[in-house]
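A short write-up of the structure that comes next.
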Amino acid sequence: MIRIIGLTLLAAVAMGLYDPAADAAIPYDGYTRSLGYGDVHSINGYVYMDSIDGYDLESGPFKEPQDLFAADDGTLYVADTGNNRIVRLTRDRRVLGVIGDNEGPGMLNEPKGVFVKKDGLVYVADTKNQRIAVFGAKGDYVKSFPAPKSRLLGETFTYSPSKVIVDKRDYMLVISEGNTQGLIQIDAKGEFKGFFGANHIGFSWERLFVKMVATEEQKSQLAVQKPMEFSNVAQDADGFVYTTTLATETNQIKRLSPVGVDTLNPGSEVRYGSRFEAGPFQMPSFVGISVSPEGFITALDLQSSKVFQYDKLGNLLFAFGGMGEQNGLFKTPATVAQLQEGVIAVVDKGRSRIDFFRTTPFADLVHEASALYVEGRYEEAQQMWNEVLKLNGNFAMAYHAIGKALYKAERYEEAMRYFKLAKVKGDYSTAFREYRKQYTREHFAWIALIAIALLAALRFGLPRLVRGLKKLADARGGDRDLEAAGPAVPAAGKGESV
Amino acid sequence: MNTLLLMRLVIAHPIDFYFEIQNPRRIFWHQGFVLIALAFAIRMLSILMTGYAFETREPYEISWFYELVYILVPWLVYCIANWAVSAIMEGEGKFKEIFVGSAFALVPFILFSLPVTLLTNILSLEEADIVHTLTNLLFIWCGWLILIKIKILHDFELGKMLWIAVLTVISMAIVLFVGILLFGLINQFVSFVTDIFKEVRLRS
């Protein structure tokens, strides 16, 4: 009897210790990109933590939320699109207040984007009302900016603001759905100030050919080629603007400088997103983007429902998420937001909830090393990268980084070895050049000697060898040569005949 | 030994060389095969010896079979196309001369591509232009030899030689096209016969 009670107690204790969330298998495989090998398995950088759907909040459940803004103090602003409101939550996820009046000018209609300025003003992309509404720090309606007016916008322009940010000049940068001309700049007075960072149509031989051959009638039948549309926008601490672009296979993520030039992929075509899974989709379509204070870019791809994290230079660090019903997978993810302490939130419109992901210790290590690395502090990062390699020998970036540290320490031969492991030929070659210099300096006497010997051999040895060969051939096949020489073409005419 | 001497002659005096090989019993069929085998061996060696920074392919992307095909097939197709075209255009060259003579046109590649490859081991990518220029020079040299060959073996004048060269390229394309077509058809035919065989065997 006592034994049974003991066993039951033990079982109860064991049950208490057992935490299903902690034990649940991660429903996605971690991977990283490796030059020359494609995508290789890696340790997951992010794991599912928890989610909020609003049911246990006093504001009630969310309905198709589409945006999330994390203020510097940790306050979360959820654009609860289906409920026509913005919900403000504290860091520990208690309701601070609800923005969006029941009547009057402060009434929202399917707001799809929210941005909070440093001074606490809340900018809401009030999509169906075709305006940007501004609220005070306490949620009181302040003013609104109606659709901008300008001849540049064109006659067919319809204003449907879905995302908004406010830059350091107090200009609003607005994404209007379906508009392909770029981000719309609106100043603090509400005046249109031009487009920012538009995508361009690249040159294509096919289009040139069609343009030259097709008649006016045929041209009017063709679909009009338009530049690609921006889908989301974010801003980092330095004021750089990050955008995601739809319907393109390359450079979907851009970092725009203050003059609108892409500084993330200068002069190159970078394929962001997944190549790991084969599917019916030709290309990823990024819909969400967020930048951490250290400069890590986290972007959300709707097609694979995966979240991709890149470092400041555009190297893939981690990928997580996916399509599905389990915790950690998404139904129709809308956007992604970087919160404090490395937590990443994904707004799942399809499931009307917000999922939170935390970093793994491996990710913390990689982040720390990578932050030092992109700043060029290779030596300090080296120890950490060694640690990373201990955990995961597949992490090609680590080899590259260690190689750079060794290069900086003028240990070129070792640097070459690491660059070879990372398969970066450019850096390998630079290290090799330095190594060659070092080697020549150390072994100059020998190299000079060998060079002289080689030259001498070429100058004196080779002609002698050739002569010897000829003599030998003459001795053996002289009769044949003599016979052949008879009917040969006269030597005099040979030169001029060509 | 004869082959070595001829190799020397084609490098030093290409025009003399192509007059020389028109003499009877001066060249042999096997020399063509030997030179192509040499070119293939040199090609494989230079792939092996290329410096790491200059390698554009991963080892698994390289196949000795394809390397052989890339040398052997163009050469055979060239010989056939050039012989056919020049025979129609009243060229004087015999097939044997074309066959062996065009193989000798590869001698610059055979002799000098290995030293150029060795250079990639002591040059960095910033100096890659040197390697590329030298490689291009080698190919231009080979092409030049082929043009001389067409001119002298068939006894053409300059304009006709260029015209024949263009025609040869076109007919090479045709030969390749027909070859690939035939290959596909034969493939289909063989699989058809084997299918019938299988069917009959399974049903009986």
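A note on names: the letters A, B, ... follow the listed sequences, proteins ahead of strands, and every chain is numbered from 1.
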Open item on the list: Distance check, rounded to the nearest 0.5 Å: A:Y439 atom OH versus B:I122 atom CD1?
Closed with: 12.0 Å

TODO: Determine whether more than 12 heavy atoms belonging to other residues, nucleotides or ligands lie under 6.0 Å from atom CH2 of B:W29.
DONE: yes

Task: Close contacts, residues 50-80 of chain B versus chain A, judged by heavy atoms under 4.5 Å - done: B:Y52, B:A53, B:E55, B:E58, B:Y60

Open item on the list: So for atom NZ, which belongs to A:K425, do other residues, nucleotides or ligands contribute more than 12 heavy atoms lying within a distance under 6.0 Å?
Closed with: yes

TODO: State whether the number of non-hydrogen atoms from other residues, nucleotides or ligands found under 6.0 Å of A:E413 atom CD is greater than 12.
DONE: no

Task: Part of B:N121 lying under 4.5 Å from any heavy atom of chain A - done: backbone

Task: Enclosure of B:K94 NZ (heavy-atom neighbours >12, cutoff 6.0 Å) - done: no

Task: Contact check, side chains of A:R433 and B:L125, non-hydrogen atoms, under 4.5 Å - done: no

Task: Heavy atoms of other groups near B:E90 CD, more than 12 under 6.0 Å - done: no

TODO: Determine whether more than 12 heavy atoms belonging to other residues, nucleotides or ligands lie under 6.0 Å from atom CZ of B:F95.
DONE: yes

Task: OG-CD distance between B:S124 and A:E434, expressed to the nearest 0.5 angstrom - done: 9.5 Å

